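In the text below, chain A, chain B and the rest are named by the order of the sequence lines, each starting its count at 1. Treat the numbers as computed from the prediction; the structure is a model and nothing was measured.
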Amino acid sequence: MLLADVVRTSNQVSGTSSRLSKVSLIADLLSQCALQVAAGTASADDIGLATRYLSGSLRQRRTGIELASLSGKSWLSELPTPPEAGVVTLSELDTVMQHASELAGAGSSRVRADLFLSLVRRLTAQEREFVGQLVGRLRGGLRQGALESVVMTAVADAGGVALVDVRRAVAAQGDLPGVAQALLVDGAGALNLFRLMVGRGVSPMLASSAKSVAEALAKTGPAGVEWKLDGIRAQIHKHGNDIHVLTRSLDDITDRVPEVVELISSLPVASAIFDGELIALHSDGRPKPFQETGSRAASRVDPKVASARTPLTAYLFDVLHLDGTDLIDEPGSVRRDVLETAVPPAHLTPRLRVEDVADPAQVDAATAFAADAVARGHEGVVVKADDASYDMGRRGAGWVKVKPVHTLDLVILAVERGNGRRSGWLSNLHLGARDPTGRFGLEGGFVMLGKTFKGLTDEMLRWQSAELPRHAVGPTDGYVLALRPEVVVEIAFDGVQTSPRYPGGLALRFARVVRHRPDKTAIEADTIELVEALHQY
DNA sequence: GTCGGGCGAATTC
DNA sequence: TTCAGACTTATTCGG
DNA sequence: CCGAATAAGTCTGAAGAATTCGCCCGAC
């Protein structure tokens, strides 16, 4: 299969806004590819490669090709298009990409660039643009409007099977190109081979969100209400003594968390897949700031030293497989029962059962349970429906998270111009709290606490794009527009964290705009002292 | 030739 | 991680 | 019973803070 065919389809996909059309374009290409494979004019690998290179979410990892040094001279358009252009095959492209990946960090950039250029010289202008974006150093990656779910739908169509079957296969083994290839070469039966396997990462189930416990329970029906811990999601596989700890994106961090491995190896089970959360706790059981937990998960050096200094506690909340039995299709209540037979209570997330959501007393109890979790320093709760199966990789209605929200009135210190859909509008706001005593600068000044662009409707974007320039001060650098501290916004956020970047030593977590407050003046904005009071240790 | 700073990428939330 | 908006799919309603 | 209106669910693309690590480059 030629690269040109993939590029053409990619461009057609970019040119259409209808999801349905995108799907059929991609499905057509894949079907065509399958026919070529059957006829022997293409290799089976081409199906996987086509799927991979069509998926807009694909990010070429560390290609080691220094496009930055080449792109300054608009090299893409300057290269002549050779007469034999348009005949490069997908596997040729993939070979060069892989080669470049392997060389990343091991050879001079000159050699790597030459390798890449020798391929690029044989491409048409369109192919060059595609490949340039693919490598990702030019203008923020490949934007073709066909993310994985679109490609997945196309794969299902081309293979003549239901989308859920493809999704299930991909979720079980996390590899859409591999599934596509098996389906289109070997037929629908091949999907059965992509099953849950201990040791192979599974896309974790995600939670939707609700404003209150009552609202969450209304969605779930009878449920378990569990503490939501502010740690790192962990999927833990045990096969005898072979233990693997995976993150949310299925990155293997086993070597970084020896204490977790030790805990799991002590459990009296032969094989299992658990889902849970890892978190650093103070000796009194209160959680440490997320930064400490996060740094444990990110740090690769001296795991022994790190685990001694900041041990992580594992709290398990689900089990997908236990001793030969797959449990993903079992209802949540059954999985929880199984989990409790395998894991001691100290390593289970605290939980309250709600049998009858129509009973106000039970709803009140659940609300109080959530308030208690927050009082103990945790994030909130996740309400899990008794009858919810483990929907791999999906953000289903079966799990609903509830977190308390704080709000502050802050002052807009500056605003940034928007990009993409928001180009032409003023979007990202720099937020400051009032500093009446001048501890962080001049008296009556303001302390920056972070930025946000979230929560703005188109109407709000219009309003602030018209209003904010009236408060502009001094020259701009073209991107950030500095403002006199006059406009107040109401900001919602999840919490306050320590910051090495901002002058007050504090930053807001997940700040979003609730509404503009033209009725308020800057002197009525909240103070840095109030923010400090919200900072929990 | 080695050390450290700067910066970007990738990852968590 | 959050959020809004565009879109798709499922359900209900009216003639 | 069918099509239209409505509700619910999904996907995309805006970008946040903090962290660690790898790579490049300049100073010594």
Reported CD-to-CZ distance for the pair A:Gln497 and A:Phe510, which is rounded to 0.5 angstrom
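The CZ atom of A:Phe510 is 8.0 Å from CD of A:Gln497, to the nearest 0.5 Å.
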Rounded to the nearest angstrom, tell me the gap between atom [atom1] in [X] and atom [atom2] in [N].
X: A:Arg256; N: B:dT12; atom1: CZ; atom2: P; answer: 9 Å
X: A:Ile279; N: B:dT12; atom1: CD1; atom2: C1'; answer: 13 Å
X: A:Ile232; N: D:dA17; atom1: CD1; atom2: P; answer: 18 Å
X: A:Phe290; N: B:dC13; atom1: CZ; atom2: C1'; answer: 4 Å
X: A:Arg300; N: B:dT12; atom1: CZ; atom2: P; answer: 11 Å
X: A:Glu379; N: C:dT1; atom1: CD; atom2: C1'; answer: 9 Å
X: A:Arg296; N: D:dA18; atom1: CZ; atom2: C1'; answer: 17 Å
X: A:Asp251; N: D:dC21; atom1: CG; atom2: P; answer: 13 Å

Residue-phosphate contact under 4.0 Å: [X] side-chain N/O, [N] OP1/OP2:
X: A:Arg167; N: D:dC11; result: yes
X: A:Asn428; N: D:dA14; result: no
X: A:Arg501; N: D:dA17; result: yes
X: A:Arg233; N: B:dT12; result: no

Gap in Å between the two P atoms, one belonging to B:dC13 and one to D:dA15, rounded:
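It works out to 23 Å between them.
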Check whether any side-chain heavy atom of A:Leu456 sits under 4.5 Å from a side-chain heavy atom of A:His516, and report yes or no.
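In short, these two side chains touch, coming nearer than 4.5 Å.
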Please produce a list of atom pairs where a protein N or O lies less than 3.5 Å from an N or O of nucleotides 2-6 of chain C.
unit_1 : atom_1 : unit_2   : atom_2 : d
C:dT2  : OP1    : A:Lys403 : NZ     : 3.2
C:dT2  : OP2    : A:Lys401 : NZ     : 3.4
C:dT2  : O3'    : A:Arg512 : NE     : 3.3
C:dC3  : OP1    : A:Arg512 : NE     : 2.8
C:dC3  : OP1    : A:Arg512 : NH2    : 3.4
C:dG5  : OP1    : A:Asp458 : N      : 2.8

Remember a base hit wins even if backbone is also touched, and classify [X] as base, sugar-phosphate or nothing at under 4.0 Å, heavy atoms.
X: A:Ser499; result: sugar-phosphate
X: A:Gly294; result: nothing
X: A:Ala511; result: nothing
X: A:Ser249; result: sugar-phosphate
X: A:Ser295; result: sugar-phosphate
X: A:Arg394; result: sugar-phosphate

Just grab all the side-chain hydrogen bond (donor to acceptor under 3.5 Å, both in side chains) pairs involving residues 397-411 of chain A, residues at least two apart or on different chains.
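Residue pairs with at least one partner in residues 397-411 of chain A: A:Glu379-A:Lys403, A:Lys403-A:Asp494, A:Asp409-A:Lys520.
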Return the set of residues passing salt bridge (charged side-chain N to carboxylate O under 4.0 Å, His left out) with [X] (not counting sequence neighbours), or none when no residue passes.
X: A:Asp435; result: none
X: A:Asp157; result: none
X: A:Asp255; result: none

Which nucleotide sits closest to the side chain of A:Pro500: D:dA17, B:dC13, D:dT19?
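Output: D:dT19.
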Considering residues at least two apart in sequence or located in another chain, which fulfil the side chain to side chain donor-acceptor pair (under 3.5 Å) criterion with A:Arg376?
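Checked A:Arg376 against side chain to side chain donor-acceptor pair (under 3.5 Å); matches are A:Asp372.
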Quick one: does any side-chain atom of A:Ser499 pair with a main-chain N or O of A:Arg501 as donor and acceptor, under 3.5 Å?
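Yes, the answer is positive, given that a donor and an acceptor are paired below the 3.5 Å cut-off.
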